[in-house]
Amino acid sequence: MNATGTGLDLSDLKVRVIAPALARIGMDGAAAVNLLAGTALVESGCRRLVQDGGGPALGLWQMEPFTHDDIWNTFLPGGRMNGVVTALLSMRGNWPPASGQMTGNAFYACAMARLKYYRAPDPLPAASDAAGMCGLWKRIYNTSLGAGAADPQHVALFRQAIEA
């Protein structure tokens, strides 16, 4: 656990997992790295691989199996994303199958979380815009149905991710 008590060291996570995973699928850059670091921090505290309370969300990015499968079934088919599909398949192991990869394969889970943002029409906020990232997380990732809020507490977590 790092000095801030968040679980994984955010700087390490950004450099060793997030940046390489996003580069592998061609959706990298400082804004994307900071957004995914902040998302992991607000979703799991960078320490939970399954959802508190027994919910379905998995991995550091707390993606639900339905969302994972929906990306594969409705967004990735059709040829326009062939390069991304090839990269994802190279990251994904054979076991556990499908969405089960998100609990133990941080590269794959990060790439899938990036795809959730990518398929939305909203542009990424600037790499240093914690409030903008928090708002994007709430609209696209957590959605109106999620328990999260674009409030000062969550903005502070995105700021922490940016500064890591």
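Atoms CZ and CG, on R114 and L88 in that order, are 12.5 Å from each other to the nearest 0.5 Å. To the nearest 0.5 Å, the span separating CG on L36 from SG on C110 amounts to 4.0 Å. Taking CG of L89 as the start and OH of Y108 as the end, the distance is 8.0 Å to the nearest 0.5 Å. The CG atom of L49 sits 5.5 Å away from atom CG of L60, with the distance rounded to the nearest 0.5 Å. Within the model, atoms CG of N142 and CG of L136 stand 11.5 Å from one another, a figure rounded to the nearest 0.5 Å. M133 contributes atom CE, which lies 6.0 Å from atom CG of L35 (distance to the nearest 0.5 angstrom).
Annotation: R16, atom CZ; neighbour count of heavy atoms from other residues, nucleotides and ligands within 6.0 Å does not exceed 12. The neighbour count for Y118 OH, taken as heavy atoms of other residues, nucleotides or ligands under 6.0 Å away, does not exceed 12.
Of all heavy-atom pairs spanning A150 and G135, the tightest one is CB-CA, 4.2 Å. Between P125 and A31 the shortest heavy-atom distance is O-CB, 3.4 Å. Of all heavy-atom pairs between W61 and A106, the closest is CZ3-O, 3.6 Å. Closest heavy-atom contact between L13 and C46: CD2-SG, 3.9 Å. Contact between P65 and P56 at its shortest, heavy atoms only, is CD-O, 3.2 Å. Taking all atoms of both residues into account, the shortest heavy-atom contact from E64 to M102 is O-CE, 4.4 Å.
In this structure, D70 does not pair ionically with K116, as no charged nitrogen and carboxylate oxygen lie closer than 4.0 Å.
For K138 (side chain) and G146 (main-chain N/O), a donor-acceptor pair under 3.5 Å exists by modelled atom type. T143 places no side-chain N or O within donor-acceptor distance of the main-chain N or O of R139, the cut-off being under 3.5 Å. A donor-acceptor pair under 3.5 Å links the side-chain atoms of N73 to the main chain of D69, judged by distance alone. For H154 (side chain) and C134 (main-chain N/O), no donor-acceptor pair under 3.5 Å exists by modelled atom type.
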| request: Test V50 against Q62 for side chain to side chain contact (heavy atoms under 4.5 Å, CB included), laying out the working first. | output: CA-CA 7 Å; V50 294; Q62 294 290 283; 5.6 Å; no

| field | Stepwise side chain to side chain contact (heavy atoms under 4.5 Å, CB included) check, V155 with D151 | value | CA-CA 6 Å; V155 171; D151 57 16; over 6 Å; no

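Counting only residues at least two apart or on different chains, the side-chain hydrogen bond (donor to acceptor under 3.5 Å, both in side chains) pairs with a member in residues 96-105 are Q101-N105. Within the structure, every pair that satisfies the side-chain hydrogen bond (donor to acceptor under 3.5 Å, both in side chains) test and touches residues 23-36, not counting sequence neighbours, is listed here: K14-N34, R24-S90.
Annotation: side chain of Q160 is not in contact with side chain of I162 (no heavy-atom distance under 4.5 Å). In this structure, the side chains of M81 and F75 come closer than 4.5 Å at one or more pairs of heavy atoms. Within the 4.5 Å cutoff, side-chain heavy atoms of E43 are placed close to those of Y141. Side-chain contact between L41 and F158 is absent, with no heavy atoms from C-beta onward closer than 4.5 Å. At least one side-chain heavy atom of T74 sits less than 4.5 Å from a side-chain heavy atom of R119.
Under a cutoff of 6.0 Å and an axis angle of 45°, R92 and W72 form a cation-pi pair.
No option in I71, L58, T39 other than I71 meets the side chain to side chain contact (heavy atoms under 4.5 Å, CB included) test with M63.
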